[in-house]
Amino acid sequence: MPSVGAGAFALAVAGCLCMIASSRRPLQPCIPYMNMPDGDLPNMPLTLPNSTACADRCESDEACVLYTFVGPASPHCHATSEGGCCWMKSAEVSGAAPTIFDPYACSAWVRLPPGAQRAGSQHPNLAQKTPSTPPKKNVLYIVVDDLRPDLVAYGQNQTYNPSISKLAAGGLVFDQAYCQIAVCSPSRLSFMTGRRPDHAGFYNFINHFRQSDCGIALGDTQFRGETYRTVNTGSFDGGCQWGGKSGACGGSGQCCSLCSQDSNCSAWTYGPGNLCNLKSVAGEHDTAPGMISGFAGSRTPSSHGLWTSNPGNFKQNGYLCLQSGKLFHTEEGGVGNVDPNLNGPGMPPNEDPPSWSSGLSMEQVNAVANMWPTTPDELNGVPASLDGILDGPPSSTANQLCDRIISTDAVAKLRLAAWNLNTTAQPFFMAVGFRKPHLAFRFPAPWLEKLLPENKTAIALHPTLDASVPPIAHGDHAPGNNPYTDVPKETAQQWRTHYYGAIAWMDSQVGKVLDELDSLGHTHDTLVVLHADHGWSLGEHGEWQKFSNFEHGTRVPLIMRAPWIPASVGARTPVLAELIDVFPTMADLAGIPLPPGEHIDGKSLAPVIKAPEDMGLAANLKPYAISQYMRCPTNESVPWRDNACLFTDRVLFPVMGYTLRTQSYRYTEWTRWNGTVLAPDLTPGGLVGVELYSHHDVGLSYSFDTFENENEAASNPTVVTVLRAVLHEALANQTRIASLPPIR
């Protein structure tokens, strides 16, 4: 097949997708270039003249929920020139195809999957509107991976992001919003459940809230009781891999779950090699470095295994809940569980099916929209058009850009949700998780033209760690390999420029989804919330990437647009916000209750959205934000080096850091960790390091270079004493807000 470059796609579509043109508007327009894999009905494909005929055939067959039509010029269709190939499908198995980017294909939904249908509704074009109460607001929830507030809406004009700027102009910008832990999986678990990491015990790429709760676990311990069954929790294909490194894949939490599901099991021992040993009797115990033991637990409403997530709460309140891209973490996972939803990659596995309407979530995100590494010929951006269509033959574009796949899938599902709303009055909750600017910085090269040249890009003014800062505060991650020496200027400029390029590319895909919402006529009745999962450092005080308790790692952009609340339009607020607040805020603004019998740690920010200029409210709604991060140095005499805990079981962490952010200060305390009860040692003997930084510069004048460059703890002992007491009270009562005494 001849090569079809980006510049030739318009001709290709005009010449071969003419068969997609229709004389009658189908339920949904057929989305060009979108090729849905698998899920085919028997005896596919059918030879039909155009996509309209394919849509008609799908609509007439109750077993068909979506279709893909491919023109005869495609190598994947062997029909005659008088017709194309119609694949009618019973389900979206894995979203837009990652392996074949076909310029001659298009796809669309025609009805809801059977499991997603509301009682009494067959499909959108047959159901009747019977609203008994005022219409509820829809929700469009956009989560971005690894995005710090390096945005024009936050006064950072070195970047290019007009779509997010437009969203901010119509909504409320939170100038001081913070994640609860600066790494993907546990941060997402935190804000998707509205709980702090310590509340549920998720900290890295091992545990998740759908696991059983076994209470106390014993580190460096093995039970001697006879093992009747051994399970390798890393045995499933594509499971325990992250960046080419074998992970713990559920760790002791997965072993706890397997024991809790087995009526013969009363105790377990988990050890190296991802081996879970199940025992009917614990027996005596021995000291065994690296091994962890515990007793059978449960998955009950009182434990985290049956918590209701944010989208799950909307689902329980009658919403159609759809998802595209990365909302929960997509790697690691579980194996051997009785519940099939808990087997497979992801934290929780498969993007947590209980959170979404059946058949309307992208369960296997990495199989659909993987973050392929950058190849040598892509060091200055991917050869592609601005909208992400790669140069070269379609048959070779296995590594097509992930965020384009995600936005296309989101557009298709938004159209389905809108048609369902217009015909059944069922509101929708649509969640979209974009993967950039996460590494690798893979984006279409033309976006670099929107930025300063790489050799003109400014770098951090304070590129090394000051001697006043405890070394344990530093996370050892590329491209820096020593926080006390400068990264070469050229390297720092390249990282910054490409990070900005990835932001520009992601922003364009955010715009694609927002434009679709507008074209569907639902901007006015849809709450839009956009935020990142955590921040990112670009060389400030020797720190790179996330993985820290610094302002750069914990501060995130947070924008909420509720057009029916005029006071919030085009406004901004200095209120301290935490990502755990998003769950209750969404429920509040949508007018639905929180899950009964469950304690959500977050607090609704709806009062701020309704009165953003109320400075008293901004000062008193939440006196502080708390984040935390763990450290596992291999050599405690050099605590800044090789200190990641991403695959260390939570029972075995040596150090945990907690940081308290007030309107005026950041106070951070590093303490010894008690893995048996998953709690910090707050006694004087457990103290590892203390940091204090003053903060008085927020809003559009904010600069990433003017703070946290020198530790002020030694020169401000009174402030340290006050904030230490507040932090300790908060940690002792993590489900409530401690009071904040006056600080001078």
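Worth knowing before you read on, the calculation uses all heavy atoms, side chains too, and leaves out hydrogens, waters and symmetry mates.
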Quick one: do the [X] and [Y] side chains pair a donor with an acceptor below 3.5 Å?
X	Y	result
S627	T554	no
Y319	N138	no
Y667	E669	yes
S309	S355	yes
N549	T659	no
T523	D518	yes

Aromatic ring proximity [X]/[Y], centre distance under 6.0 Å:
X	Y	answer
W544	W536	no
Y141	H531	yes
W495	F441	yes
H552	H541	yes

Answer yes or no: is there a donor N or O on one side and an acceptor on the other, between the side chain of [X] and the main chain of [Y], under 3.5 Å?
X	Y	answer
S537	G539	no
E578	I626	yes
Q323	V432	no
N310	M192	no
Q176	L576	no
D403	K436	yes
Q663	P574	yes
N733	E729	yes
D581	A577	no
N313	P593	yes

Are M430 and K413 close enough, and set up right, to give a side-chain contact (heavy atoms from CB on, under 4.5 Å), and what steps lead you there? CA-CA 8 Å; M430 177 76 220; K413 286 174 178 167; 3.9 Å; yes
Flag the pair [X] / [Y] as yes when at least one side-chain heavy-atom distance between them is below 4.5 Å, and no otherwise.
X	Y	answer
L451	Y160	yes
P444	L401	yes
L723	L727	no
V690	R724	yes
W356	F429	yes
I142	V510	yes
F205	V183	yes
Y203	D198	yes

Using the side chain to side chain donor-acceptor pair (under 3.5 Å) rule, take H534 and D146 through it: C-alpha gap first, then chi angles, then the decisive distance, then the call. CA-CA 6 Å; H534 45 69; D146 288 14; 3.1 Å; yes
Residues S468, N711; criterion side chain to side chain donor-acceptor pair (under 3.5 Å); working and verdict: CA-CA 5 Å; S468 63; N711 186 6; 5.2 Å; no
Might you point out which heavy atoms bring [X] and [Y] nearest each other, and give the distance in Å?
X	Y	result
S694	F707	O-CB, 4.5 Å
A418	H522	CB-CD2, 3.9 Å
T308	P595	CB-CG, 3.7 Å
E351	F328	OE2-O, 2.8 Å
P612	L172	CB-CD1, 3.7 Å
P607	L617	O-CD2, 3.3 Å

Pair Y693, E710 - check side chain to side chain donor-acceptor pair (under 3.5 Å), show working. CA-CA 7 Å; Y693 308 102; E710 183 176 348; over 6 Å; no
Identified side chain to side chain contact (heavy atoms under 4.5 Å, CB included) partner of F434 from the options V143, D145, V513: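 Of the listed residues V143, D145, V513, the side chain to side chain contact (heavy atoms under 4.5 Å, CB included) partner of F434 is V513.
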Could you check whether the rings of W307 and F209 sit parallel, tilted or perpendicular, using 30° and 60° as the cut-offs?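 Aromatic pair W307/F209 classed parallel.
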Would you compute the distance between atom [atom1] of [X] and atom [atom2] of [Y] and round it to the nearest 0.5 angstrom?
X	Y	atom1	atom2	answer
L147	D507	CG	CG	9.5 Å
R210	F202	CZ	CZ	11.0 Å
I181	N204	CD1	CG	7.5 Å
K315	L360	NZ	CG	10.0 Å
R404	Q509	CZ	CD	7.0 Å

Name all residues meeting the disulfide bond (SG atoms under 2.5 Å apart) criterion together with C402; count only those two or more places apart in sequence or in a different chain, and write none if there are none.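 Scan of C402 (disulfide bond (SG atoms under 2.5 Å apart), adjacent residues dropped) gives none.
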Partners passing side-chain hydrogen bond (donor to acceptor under 3.5 Å, both in side chains) against S664 (at least two apart in sequence or in another chain):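 With sequence neighbours excluded, S664 shows a side-chain hydrogen bond (donor to acceptor under 3.5 Å, both in side chains) to no residue whatsoever.
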R666 and salt bridge (Lys or Arg N to Asp or Glu O under 4.0 Å): which partner among E691, E712, E708?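 In the set E691, E712, E708, the residue that makes a salt bridge (Lys or Arg N to Asp or Glu O under 4.0 Å) with R666 is E708.
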Would you call [X]-[Y] a salt bridge at under 4.0 Å N-O?
X	Y	answer
D175	R572	yes
D150	R148	yes
R188	D533	yes

Is there a ring-ring contact (aromatic ring centres under 6.0 Å, His included) between F443 and H498? Walk through the geometry before answering. CA-CA 8 Å; F443 57 89; H498 286 212; 5.7 Å; yes
Can T330 and R435 be said to form a side chain to side chain donor-acceptor pair (under 3.5 Å), step by step? CA-CA 11 Å; T330 53; R435 308 202 72 162; 3.0 Å; yes
May I ask you to check whether over 12 heavy atoms, not counting those of E613, lie within 6.0 Å of atom CD?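 No, not enclosed.
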Walk me through it: do I609 and T585 pass the test side-chain contact (heavy atoms from CB on, under 4.5 Å)? CA-CA 9 Å; I609 296 171; T585 303; 3.9 Å; yes
E551 vs R661, test: salt bridge (Lys or Arg N to Asp or Glu O under 4.0 Å). Steps then yes/no. CA-CA 9 Å; E551 182 87 354; R661 179 65 157 87; 3.0 Å; yes
